[in-house]
Amino acid sequence: MAKLLALSLSFCFLLLGGCFALTEQPQQNECQLERLDALEPDNRIESEGGLIETWNPNNKQFRCAGVALSRATLQRNALRRPYYSNAPQEIFIQQGNGYFGMVFPGCPETFEEPQESEQGEGRRYRDRHQKVNRFREGDIIAVPTGIVFWMYNDQDTPVIAVSLTDIRSSNNQLDQMPRRFYLAGNHEQEFLQYQHQQGGKQEQENEGNNIFSGFKRDFLEDAFNVNRHIVDRLQGRNEDEEKGAIVKVKGGLSIISPPEKQARHQRGSRQEEDEDEEKQPRHQRGSRQEEEEDEDEERQPRHQRRRGEEEEEDKKERGGSQKGKSRRQGDNGLEETVCTAKLRLNIGPSSSPDIYNPEAGRIKTVTSLDLPVLRWLKLSAEHGSLHKNAMFVPHYNLNANSIIYALKGRARLQVVNCNGNTVFDGELEAGRALTVPQNYAVAAKSLSDRFSYVAFKTNDRAGIARLAGTSSVINNLPLDVVAATFNLQRNEARQLKSNNPFKFLVPARQSENRASA
């Protein structure tokens, strides 16, 4: 009986794609980085419904982190064709609202059209499919390895989605190159040119085709039991290559979705609401200290009312993971089935950040404690915003690489390596990305009225250690240890430990505010 139970558990862990497998380590010297750069996309592929931009995954700092970065823009009524990847993805919705779906093999078709009368022309075909979800600005979407994913924009505002692919994941059994396997079209795969740079000559022929294109027609005719005309469409024969990976849908899609979710996007952008908050006089937003989530909700009753329904949904999604925290030590990893897993969580501008200072900014994170599916992906994320001249203190990531993507505004960042050398001291502005390797120290100061960013992290429970402020490494050392370590007098050591009353977000000094006024 014991052997049978052990065998069953082994099969479950195998089915979940190696949830607890270790991530492959970078090759020797790949992370010996003497200089970092804030990078823009260097490849752009246009489609009839939008465009896809990519950063070169062969860049040394991306190879150190073992990730690839891309950005997709979808216009009104644009559909990103279904595809799957050789590694897990974390997608952040920078702008817009719409629909997305994933197809999990073996899961039931839980969405179906209503039953109609069989009178008249007879029984009509009823569509059935797996769950369709709405996304909105600020959402993180988790896409496991090999799972088919699609997204659609049904609004006038273009959708901008930034995607990180963890190509060093243990779930990637191919080479260290991101690969997109499209189900339709004959367009160029967005990372293909980088594969050619690595000598992938065998893939240069028929490089624009989809996954069905390589099968013979008679195989597909038998497999789908359809005629040759449909097979030709399936294989993308004679299709204009300019249609691309993002296509326009004439008249829009008719998608089966609960009515209450269809109406949610009509209440407007969360970013616009956050900008309204920024226009308030600073003295009206509270005292100069960091507030916890419940205190912030009391300070923002107007936004609480405006966002009530959206916030309630996010709290419900987080609720399952909160209940699981108390039994975390004894869980077996199977509390949430694959078919019903939560796949998205909003970390954008909201009234419930994890860290908040009304004079400095806000930060919200998502880990596997909040979104359990991230345990499968081994990824997490952080969204933050800083006011003018505010900063986040020097700190480092304990167990993850961090890829910081600037969403709005600009900030000055400094990054220091293990030798005490400055490997980056410059501006990070909207649309650029900067990799901060594990344990490298980083600090930032906003140069704009509001600087906002999203940081993708290569650990599902990424942690940080602060080097300054309350509860920091320095603050938690004994006073005499600080004095002896830095050759200071006791009163100087006391100042070093206690002069900064803030934990992470530090407001601008009054002299800086006067200078910028």
J.: Please report the interatomic distance CZ(Arg81) to OH(Tyr182), rounded to the nearest 0.5 Å.
T.: 10.0 Å

J.: Considering all heavy atoms of both residues, which atom of Pro57 and which atom of Arg63 are nearest to each other, and what is their separation?
T.: O-CG, 3.2 Å

J.: Are Leu505 and Ile355 packed together at the side-chain level, in the sense that at least one heavy-atom pair is separated by less than 4.5 angstrom?
T.: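 Leu505 reaches Ile355 side chain to side chain.
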
J.: Are the side chains of Glu221 and Arg228 in contact, using a 4.5 Å heavy-atom criterion?
T.: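 When only atoms from C-beta onward are counted, Glu221 and Arg228 do touch, with a gap below 4.5 Å.
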
J.: Taking Gln61 for its side chain and Asp37 for its backbone only, find out whether a donor-acceptor pair lies under 3.5 Å.
T.: yes

J.: Is it true that atom CG of Asn225 has more than 12 heavy atoms of other residues, nucleotides or ligands lying nearer than 6.0 Å?
T.: no

J.: I'd like to know if Arg134 pairs up with Asp154 as an ion pair, taking the criterion as any Lys NZ or Arg NE/NH1/NH2 lying under 4.0 Å from an Asp or Glu carboxylate oxygen.
T.: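 Yes.
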
J.: Report the relative orientation of the aromatic rings in Phe224 and Phe212; use parallel for angles under 30°, tilted for 30 to 60°, perpendicular for over 60°.
T.: perpendicular

J.: Where is the tightest heavy-atom contact between Cys64 and Asn401, given as atom of each residue plus distance?
T.: O-ND2, 4.0 Å

J.: Are side-chain heavy atoms of Arg450 and Leu386 found at a separation under 4.5 Å?
T.: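 No, their side chains stay 4.5 Å or more apart.
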
J.: Less than 4.5 Å apart, any side-chain heavy atom of Leu164 and any of Ile403?
T.: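 In contact.
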
J.: Scan His383, Lys408, Glu382 and name whichever one has a side-chain hydrogen bond (donor to acceptor under 3.5 Å, both in side chains) with Tyr453.
T.: Glu382

J.: Charged N to carboxylate O under 4.0 angstrom, Arg237 versus Glu239?
T.: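 Salt bridge between Arg237 and Glu239, a charged N being under 4.0 Å from a carboxylate O: no.
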
J.: Please determine if Glu48 and Lys248 form a salt bridge, counting it only when a charged side-chain N lies under 4.0 Å from a carboxylate O.
T.: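 Answer for the salt bridge query: no.
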
J.: side-chain hydrogen bond (donor to acceptor under 3.5 Å, both in side chains) between Ser163 and Gln89: does it pass, once the steps are laid out?
T.: CA-CA 7 Å; Ser163 172; Gln89 296 178 82; 2.9 Å; yes

J.: Quick one: pull up CG in Asn171 and OG1 in Thr145 and give me the separation to the nearest 0.5 Å.
T.: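 Answer for the CG-OG1 pair, Asn171 versus Thr145, is 4.0 Å.
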
J.: Using 0.5 Å steps for rounding, measure from the CD1 atom of Ile255 to the OH atom of Tyr99.
T.: 5.5 Å

J.: Can you name the closest pair of heavy atoms from Glu137 and Gln95 and give their distance?
T.: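 Reported closest heavy-atom pair: OE1-CA, 4.0 Å.
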
J.: What heavy-atom pair brings Ser47 and Ala245 nearest, and what distance separates the two atoms?
T.: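 Between these two residues, the closest heavy atoms are OG-N, 3.1 Å.
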
J.: Run the ring-centre check on Phe181 versus Tyr83 and record whether the distance is less than 6.0 Å.
T.: no

J.: What distance do Asn86 atom CG and Met177 atom CE have between them, rounded to the nearest 0.5 Å?
T.: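 Here the interatomic distance stands at 10.0 Å.
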
J.: Checking salt bridge (charged side-chain N to carboxylate O under 4.0 Å, His left out) for the pair Glu190/Arg180: CA distance, chi angles, key distance, verdict?
T.: CA-CA 8 Å; Glu190 55 259 35; Arg180 301 286 192 253; 3.2 Å; yes

J.: Within the structure provided, determine whether Asp139 and Phe92 are in side-chain contact (heavy-atom separation under 4.5 Å).
T.: no

J.: Can you find a side-chain donor-acceptor pair between Tyr405 and Arg432 that sits under 3.5 Å?
T.: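 Short answer, no.
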
J.: Can you tell me how far the CZ atom of Arg461 sits from the CG atom of Asp370, to the nearest 0.5 Å?
T.: 10.5 Å

J.: Is it true that Asp232 and Arg217 make a salt bridge, defined as a side-chain N closer than 4.0 Å to a carboxylate O?
T.: yes

J.: Are Asp460 and Ser380 linked by a side-chain donor-acceptor pair shorter than 3.5 Å?
T.: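 No pair is found: no donor N or O on one side chain lies under 3.5 Å from an acceptor on the other.
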
J.: Looking at Asp156 and Arg76, is there a salt bridge between them, counting it only when a charged N and a carboxylate O are closer than 4.0 Å?
T.: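 Salt bridge: yes.
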
J.: If you compare all heavy atoms of Thr458 against all heavy atoms of Leu379, which two are closest, and at what distance to 0.1 Å?
T.: CA-CD2, 3.9 Å

J.: Using modelled atom types only, decide if a donor and an acceptor are shared between the side chain of Asn210 and the backbone of Leu234 within a distance under 3.5 Å.
T.: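 Here the side-chain-to-backbone pair exists.
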
J.: Roughly how far apart are Arg375 CZ and Thr367 OG1, rounded to 0.5 Å?
T.: 10.5 Å

J.: Under a 4.5 Å cut-off applied to non-hydrogen side-chain atoms, are Phe62 and Trp55 in contact?
T.: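 In contact.
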
J.: Do you know which two heavy atoms are closest between Arg362 and Pro353, and how far apart they sit?
T.: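 Residues Arg362 and Pro353, closest heavy atoms: CB-CB, 3.9 Å.
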
J.: Side chains of Arg136 and Asn346, heavy atoms from C-beta outward: is any pair under 4.5 Å?
T.: yes

J.: Please indicate whether Arg233 has more than 12 foreign heavy atoms, meaning atoms of other residues, nucleotides or ligands, lying under 6.0 Å from its CZ.
T.: no

J.: Do Leu374 and Glu90 have side chains that get closer than 4.5 Å, going by heavy atoms?
T.: yes

J.: Taking everything shown except Asp218 itself, do over 12 heavy atoms lie less than 6.0 Å from its CG?
T.: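 Enclosed.
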
J.: Apply side-chain hydrogen bond (donor to acceptor under 3.5 Å, both in side chains) to Lys364 and Ser352, showing your working.
T.: CA-CA 8 Å; Lys364 193 167 187 175; Ser352 56; 3.3 Å; yes

